[in-house]
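Here's the structure we're looking at; comments come further down.
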Amino acid sequence: QVQLVESGGGSVQAGGSLKLACAASGDIEFAACMAWFRQDSGKEREGVAAIGNDDSTTYPDSLKGRFIISKDNAKNTLYLQMNTLKVEDTGTYYCAAGYVRVSGVCSYVSPLNYKTWGQGTQVTVSS
């Protein structure tokens with residue numbers, strides 16, 4: 001089974017940028033979908049972006065244009081570029097791999113669609 005390890009989190013001021021990486025121990029091309037989720041204390045885990053093995057991407061409307069998901073199959077690495085960060089972007093960011101699509105699309109909506117998870121990396125945005 002693929003193992004996932006996130007990196008790149010840290011503390012940044014509002015308006016800044018961070019790029020997260022998720023290194024996979026195996027071939028990520030076997031995953032139909034990969035995604036980033038985040039969770040802040042006391043809140044439910046929410047999806048922020050998903051990408052398919054055909055490189056199709058999906059985002060919540062609230063994050064479209066600020067967050068960019070990408071992957072490098074040769075490096076077995078998933079990325080999340082986060083720009084114009086806001087205080088409300090604070091949380092633990094997790095990458096995940098899933099093996100099914102929802103109506104043909106890689107969905108960021110439900111964590112239940114994803115089977116393999118990393119341990120998370122903390123992002124803190126201060127005002």
Side-chain angles (χ1 to χ4, degrees):
Q1 183 173 333
V2 171
Q3 292 184 326
L4 305 174
V5 179
E6 302 94 336
S7 62
S11 297
V12 63
Q13 287 194 321
S17 298
L18 278 176
K19 187 172 185 177
L20 306 182
C22 171
S25 61
D27 191 343
I28 61 174
E29 290 185 86
F30 284 115
C33 302
M34 296 194 74
W36 288 96
F37 288 79
R38 67 184 181 188
Q39 187 169 22
D40 201 5
S41 56
K43 298 181 180 179
E44 291 188 355
R45 191 167 296 191
E46 64 170 344
V48 301
I51 187 167
N53 51 10
D54 59 356
D55 291 335
S56 58
T57 58
T58 54
Y59 304 89
D61 287 343
S62 60
L63 297 178
K64 199 174 294 183
R66 285 203 302 124
F67 285 18
I68 302 170
I69 189 171
S70 63
K71 60 185 175 70
D72 186 331
N73 292 334
K75 295 182 178 180
N76 289 320
T77 302
L78 179 73
Y79 300 101
L80 183 69
Q81 176 69 47
M82 305 185 293
N83 300 319
T84 319
L85 283 162
K86 303 177 181 180
V87 172
E88 51 264 41
D89 294 320
T90 294
T92 302
Y93 283 69
Y94 300 89
C95 67
Y99 303 93
V100 295
R101 290 176 178 245
V102 178
S103 300
V105 174
C106 287
S107 173
Y108 56 79
V109 175
S110 173
L112 297 178
N113 293 323
Y114 293 85
K115 181 179 179 180
T116 304
W117 292 82
Q119 84 291 345
T121 185
Q122 178 67 34
V123 172
T124 303
V125 185
S126 58
S127 58

Could you list the cluster mates of Leu112? Members are the ILVMFWY residues connected by side-chain heavy atoms closer than 4.5 Å, either directly or through other members.
none
How would you list all residue pairs meeting ring-ring contact (aromatic ring centres under 6.0 Å, His included) that involve residues 48-107, not counting sequence neighbours?
none
Rounded to the nearest 0.5 Å, what separation is found between the NZ atom of Lys71 and the CG atom of Asn73?
3.5 Å
Mind checking whether Glu46 and Arg38 have side chains closer than 4.5 Å, heavy atoms only?
yes
Picking from Leu63, Val123, Asp89, what satisfies side-chain contact (heavy atoms from CB on, under 4.5 Å) with Met82?
Val123
Among Ile51, Asn53, Thr57, side-chain contact (heavy atoms from CB on, under 4.5 Å) partner for Asp55:
Ile51
Contacts of Val102 that satisfy side chain to side chain contact (heavy atoms under 4.5 Å, CB included) - sequence neighbours left out
Ser107, Asn113
Would you give the length of the straight line joining atom SG of Cys106 to atom CZ of Arg101, rounded to the nearest 0.5 angstrom?
4.0 Å
Residues which pass side chain to side chain contact (heavy atoms under 4.5 Å, CB included) with Ser17, listed by chain and number, not counting sequence neighbours:
Gln81, Asn83
So OG of Ser127 and NZ of Lys86: to nearest 0.5 Å the spacing works out to 14.0 Å
Going hydrophobic residue to hydrophobic residue with side-chain gaps under 4.5 angstrom, can you get from Ile69 over to Val48?
yes
Test item: Leu78 and Ile28 side chains (from C-beta on) under 4.5 Å apart, heavy atoms
no
Taking all atoms of both residues into account, what is the closest heavy-atom pair of Val100 and Ala32, and its distance?
N-CB, 4.1 Å
One thing to verify: whether Arg45 and Asp40 come together as a salt bridge, which I'm taking to mean a side-chain N less than 4.0 angstrom from a carboxylate O.
no
Looking only at heavy atoms, what is the nearest atom pair of Ala24 and Leu4, with distance?
CB-CD2, 3.7 Å
Nearest 0.5 angstrom please: Cys22 SG to Asn76 CG, how far?
10.0 Å
For Lys64, give me all partners under salt bridge (Lys or Arg N to Asp or Glu O under 4.0 Å), at least two apart in sequence or on another chain.
Asp61
Same hydrophobic cluster for Ile68 and Met34, using side-chain heavy-atom links shorter than 4.5 Å among ILVMFWY?
yes
Which residues pass the side chain to side chain contact (heavy atoms under 4.5 Å, CB included) test with Gln122, not counting sequence neighbours?
Thr90, Thr92, Thr124
Under 3.5 Å donor-acceptor, Ser62 side chain and Pro60 backbone:
no
Return the minimal non-hydrogen interatomic distance between Ala50 and Tyr114, and the atom names on each side.
CB-OH, 3.7 Å
CD (Glu88) with more than 12 external heavy atoms under 6.0 Å
yes
Do Phe37 and Val125 sit in the same hydrophobic cluster, where Ile, Leu, Val, Met, Phe, Trp and Tyr count as joined when their side-chain heavy atoms come under 4.5 Å apart?
no
How long is the gap from CH2 on Trp117 to SG on Cys95, to the nearest 0.5 Å?
9.0 Å
Could you tell me the separation between the OG atom of Ser70 and the CG atom of Leu80, rounded to the nearest 0.5 Å?
8.5 Å
Short side-chain to backbone donor-acceptor contact, Glu6 and Gln119, under 3.5 Å
yes
